[in-house]
Peer 1: 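Sharing a structure, written as structure tokens. Questions coming.
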Amino acid sequence: MDTRDLSGQTIYRAGRGIEETARELGVDPAELIKLSSNENALGPSPKAVDAIREHAETLHSYPKASHADLGDALAERWDVDPAQIWLANGGDGAMDYLARAMLEPGDAVLVPDPDFTYHAMSVRYHHGEVHTYPLAEDDGFAQSPDRVLAAYDGERMVYLTSPHNPTGSTVSLDEIEAIAERTGEETLVVVDEAYGEFNDAPSAVELLENRDDVAVVRTFSKAYGLAGLRLGYAITPRAWADAYDRINTPFAASEIACRAGLAALEDDEHVEAITDLVEWSREYYHDELDAKTYESGGNFVLVAVGDASRVAQESKERGVIVRDCSSFGLPEHIRVTCGTREETKRAVETINEVC
Ligand SMILES: *Cc1c(COP(=O)(O)O)cnc(C)c1O
């Protein structure tokens, strides 16, 4: 026997870790810096780490109270009803829940191209079809209403990524609203705000006050530094009432994840430290890299380097791991994560040398 036909599914290839790369190059991992996965340069929130230690002893119980408490805390933070918060195994898990709740087999979903690959993967896993709208370098990879609506053909969901990965471009609330307004009543506009904390633009959650056709995806993986924990959530329309209870895998987020999430949410100091650092690092990349960079609202910057695969390879050999964007369909660009001051300076030096 065999699985169902999986030939149409893509395999997610995460960037290689420091350990693996160090072994390949035959060097000490301490000599390498990894700026290829948009991880938090300052590590996890220390308050979250304490909470994880503290709650290790109670792991024999299902996370009933903590799951509810985190949902309530997020609902309060966003000023929405707790039923609108859909906790999940990472932002990726939240996308899966949206697909579960929305898609009948064969329904289509419109995503940008290039884009974060999991949007399309999640749709395909849930028997949906993927349609794309092209982003263009000459208008800064904008996900403008004109671009989106030129491709729109009644799809069930439309993904916007703001800030966009890997380009860093953002979509304004007015633009999001215009897209929601001009797409059909049965089309959900999903705004992926995985990097939302790294810029001052208001969240699309505001739009949920008056609309039932917008959902927002958020994560603890980036600004909160908890990528290894796997915790994210969707904020969904109020009109959906108990839909989450009907589709979620029981205890979607673990006890440890919920406890850490609750603690991290309180740790404004840590979020402020990383957002300040990111602001500095982005400016440094813009000012000091000899190659062209693009405005970014995230904790990374897209850089036009010509031959991305060569530049990424040679940077790696010099100890700096950056993301070759060829797999995104951008073979002339690399994406470099905002590191500590020291890492950022070393990345600039290395990339300039290699270019
Ligand atoms: C990192 C990222 C996510 C979330 O990843 P999780 O670790 O699953 O929370 C979502 N969208 C984009 C665009 C990302 O870059």
Side-chain angles (χ1 to χ4, degrees), residues 12-15 17 34-41 43-45 48 70 74 85-99 109 111-123 125 132 135 141 143 157-171 176 189-199 201 203-204 215-235 248-249 252-254 256-258 260-261 264-265 271 274 278 294 296-302 322-323 325 327-330 333-338:
Y12 185 83
R13 303 207 186 269
K34 184 178 174 219
L35 300 173
S36 54
S37 297
N38 297 346
E39 289 153 341
N40 191 312
S45 148
L70 180 57
L74 288 166
I85 302 288
W86 292 16
L87 295 178
N89 189 43
D92 295 350
M95 294 163 205
D96 284 344
Y97 285 162
L98 291 173
V109 177
V111 305
D113 175 27
D115 192 27
F116 179 64
T117 38
Y118 198 73
H119 297 151
M121 290 173 69
S122 170
V123 169
Y125 289 150
T132 60
L135 305 187
F141 301 104
Q143 299 157 83
M157 297 161 74
V158 174
Y159 264 102
L160 303 172
T161 314
S162 183
H164 180 261
N165 180 7
T167 69
S169 71
T170 52
V171 196
I176 297 166
V189 175
V190 181
V191 189
D192 181 344
E193 296 183 341
Y195 302 98
E197 291 85 356
F198 297 117
N199 62 82
S203 166
V216 176
V217 172
R218 286 259 169 174
T219 180
F220 285 83
S221 293
K222 308 284 162 52
Y224 292 100
L226 297 172
L229 190 73
R230 312 308 302 130
L231 180 63
Y233 55 100
I235 306 161
N248 90 88
T249 306
S254 74
I256 290 298
C258 293
L265 268 185
V271 174
I274 187 63
V278 162
Y294 301 76
S296 171
N299 67 339
F300 57 87
V301 169
L302 187 75
V322 299
R323 180 69 192 255
C325 290
S327 66
F328 287 103
L330 297 172
H333 296 78
I334 59 168
R335 188 193 68 197
V336 54
T337 303
C338 296

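Quick caveat, the model's predicted, so the values are computed rather than measured. Computed from heavy atoms alone, side chains included, the values below leave out hydrogens, waters and symmetry copies. Residue numbers count from 1 along this sequence. Atoms within a ligand are numbered from 1 in the order they appear, just like the ligands themselves.
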Peer 1: Which residue supplies the protein heavy atom nearest to atom 11 (N) of ligand 1, what is that atom called, and how far is it?
Peer 2: D192 OD2, 2.6 Å

Peer 1: Do F116 and ligand 1 have an N or O pair less than 3.5 Å apart?
Peer 2: no

Peer 1: At under 4.0 Å between heavy atoms, is it the side chain or the backbone of N165 that contacts ligand 1, or both, or neither?
Peer 2: side chain

Peer 1: Using every non-hydrogen atom in the two residues, find where I274 and A223 come nearest and quote the distance to one decimal.
Peer 2: CG2-O, 3.5 Å

Peer 1: Considering only heavy atoms of T161, which atoms of ligand 1 have at least one such atom less than 4.0 Å away?
Peer 2: 13 (C)

Peer 1: Which is closest to atom 14 (C) of ligand 1 by heavy-atom distance: R230, E39, K222?
Peer 2: K222

Peer 1: Within ligand 1, which atoms have a heavy atom of A194 less than 4.0 Å away?
Peer 2: 2 (C), 3 (C), 10 (C), 11 (N), 12 (C), 14 (C)

Peer 1: Would you say H164 contacts ligand 1, with heavy atoms under 4.0 Å as the rule?
Peer 2: no

Peer 1: Could you tell me whether a side-chain N or O of Y97 sits under 3.5 Å from a main-chain N or O of T249, the two making a donor and an acceptor?
Peer 2: yes

Peer 1: Looking only at non-hydrogen atoms, find the nearest pair between S203 and R218 and report the distance.
Peer 2: CB-NH2, 3.6 Å

Peer 1: Which part of N38 is near ligand 1, with near meaning a heavy atom under 4.0 Å away: side chain, backbone, both or neither?
Peer 2: neither

Peer 1: Please test H333 against F328 for side-chain contact (heavy atoms from CB on, under 4.5 Å), starting from the C-alpha separation and ending with a verdict.
Peer 2: CA-CA 9 Å; H333 296 78; F328 287 103; over 6 Å; no

Peer 1: Near G90, which atoms of ligand 1 are under 4.0 Å from a heavy atom of that residue?
Peer 2: 8 (O), 9 (O)

Peer 1: Below 3.5 Å, N or O to N or O, backbone or side chain included: is there any such pair between N89 and ligand 1?
Peer 2: no

Peer 1: Checking T337 side chain against N38 main chain: does a donor-acceptor pair fall under 3.5 Å?
Peer 2: yes

Peer 1: Ignoring hydrogens and angles, tell me if any N or O in the side chain of T132 forms a donor-acceptor pair with the backbone of D113 under 3.5 Å.
Peer 2: no

Peer 1: Applying a 4.0 Å heavy-atom criterion (strictly less than), which segment of M95 is in contact with ligand 1: side chain, backbone, both, or neither?
Peer 2: side chain

Peer 1: Can you check which of P163, G93, S221 brings a heavy atom nearest to atom 6 (P) of ligand 1?
Peer 2: S221

Peer 1: Does the N or O separation between T219 and ligand 1 drop below 3.5 Å for any pair?
Peer 2: yes

Peer 1: Taking H164 for its side chain and V171 for its backbone only, find out whether a donor-acceptor pair lies under 3.5 Å.
Peer 2: no

Peer 1: Pick from N299, V336, V301: which one makes a side-chain contact (heavy atoms from CB on, under 4.5 Å) with L35?
Peer 2: V336

Peer 1: Just need the protein heavy atom nearest to atom 15 (O) of ligand 1, so name the residue and atom and give the distance.
Peer 2: Y195 OH, 2.6 Å

Peer 1: Could you check whether any side-chain N or O of E193 sits under 3.5 Å from a backbone N or O of A204, counting only pairs where one atom can act as donor and the other as acceptor?
Peer 2: yes

Peer 1: Taking S37 for the side chain and E39 for the main chain, is one N or O donor matched with an acceptor at less than 3.5 Å?
Peer 2: no

Peer 1: Between Y118 and ligand 1, which residue portion shows a heavy-atom distance shorter than 4.0 Å: side chain, backbone, both, or neither?
Peer 2: neither

Peer 1: Give me the nearest non-hydrogen protein atom to atom 5 (O) of ligand 1 as residue plus atom name, then the distance to 0.1 Å.
Peer 2: D92 OD1, 3.7 Å

